[in-house]
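Both ligands and their constituent atoms are indexed starting at 1 by order of listing.
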Amino acid sequence: MTTTTRQATQETAAASARGLTKTYGQGDAQVHALRGIDLDLPRGRFAAIMGPSGSGKSTLMHCLAGLDQATGGTVTVAGTDLGSLDDDALTIFRREHVGFVFQSFNLLPMLTAGENIMLPLELGGRRVDDAMRERAHLLADILGVADRLGHRPAELSGGQQQRVAIARALITQPDLLFADEPTGNLDSATSAEVLDHLRRSARELGQTVVMVTHERDAAAYADYVVTMQDGRIV
Ligand SMILES: Nc1ncnc2c1ncn2[C@@H]1O[C@H](COP(=O)(O)OP(=O)(O)OP(=O)(O)O)[C@@H](O)[C@H]1O
Ligand SMILES: [Mg+2]
């Protein structure tokens, strides 16, 4: 790629990394988890990050999401260089621009599904208006949990809980949705359902989705696959 096309790609990308490195520990105990990553994640597409255990998938995701600080190189999300933000600014940035879905659904057990979905808005101090409520209903519809909103997580199946978690991650309209092994705790039929919903959120809502997985079947739902090995993209 020429420098100009590279720059153009970076500008239209939802997130970019340049020369990204991450080293854990000191001296003999040093681990080079990322050894120079150049990556552009195009807007509105569903990416899968694959690779063997220890290849740096979660580390890359954490650096792209502003959950962990890189050792070298740059990460740009929605036009902001994450390296230029201090801890407080980074926390606010994540709240406004990034959504997360984890392997363990992490719903709050004492809140209903509907309350869980609205939680990020309240944590962000946003006034919940009609437009927000409409978006919550649209997401619940798309994710097939509209009839479960009054129930607590313990009254939902694993797949339903994960779909509520996805709706919660999407309620703030994040620039990036990250999912680290989102189907790791689900059986294959339920996994297929959740993956189909992630794909639909990219196709129908224009959502940029980045999923870490080591399952080929799961990666097949993505628009493209980024393969990692020993801290590099191969
Ligand atoms: N906090 C940490 N301190 C020291 N080393 C770490 C830390 N986190 C990760 N590592 C090391 O960095 C390397 C990459 O880890 P990472 O968690 O990114 O791998 P992964 O590809 O997500 O693996 P898995 O598929 O098992 O989740 C590994 O060698 C790991 O042991
Ligand atoms: Mg991992």
Near ligand 1, which protein residues have a heavy atom under 4.0 Å away? Tyr24, Val31, Ala33, Pro52, Ser53, Gly54, Ser55, Gly56, Lys57, Ser58, Thr59
Could I get the full list of ring-ring contact (aromatic ring centres under 6.0 Å, His included) partners for Phe93, not counting sequence neighbours? His97
Determine whether Val98 and Phe178 make a side-chain contact, defined as any pair of heavy atoms from C-beta on separated by less than 4.5 Å. yes
Only one of Val225, Leu195, Leu177 passes side chain to side chain contact (heavy atoms under 4.5 Å, CB included) with Met211; say which it is. Leu195
Under 3.5 Å, is there a donor-acceptor pair linking the side chains of Asp180 and Ser58? yes
State whether Arg18 and Asp40 are salt-bridged, where the test is any N-O pair (Lys NZ or Arg NE/NH1/NH2 against Asp/Glu carboxylate O) under 4.0 Å. yes
Please identify which of these residues, Asp230, Leu20, Thr21, meets the side chain to side chain contact (heavy atoms under 4.5 Å, CB included) condition with Arg35. Asp230
Taking 4.0 angstrom as the limit, do Asp223 and Arg203 come out as a salt bridge? yes
Side-chain polar contacts of residues 140-150 - donor-acceptor pairs under 3.5 angstrom, sequence neighbours left out - could you list them?
| from | atom 1 | to | atom 2 | distance (Å) |
| --- | --- | --- | --- | --- |
| Arg148 | NH2 | Glu155 | O | 3.1 |

Nearest atoms (heavy-atom pairs only) where Tyr221 meets Asp217: CD1-O, 3.4 Å
What are the protein N, O or S atoms, given as residue plus atom name, that sit under 2.8 Å from the Mg ion (ligand 2)? Ser58 OG
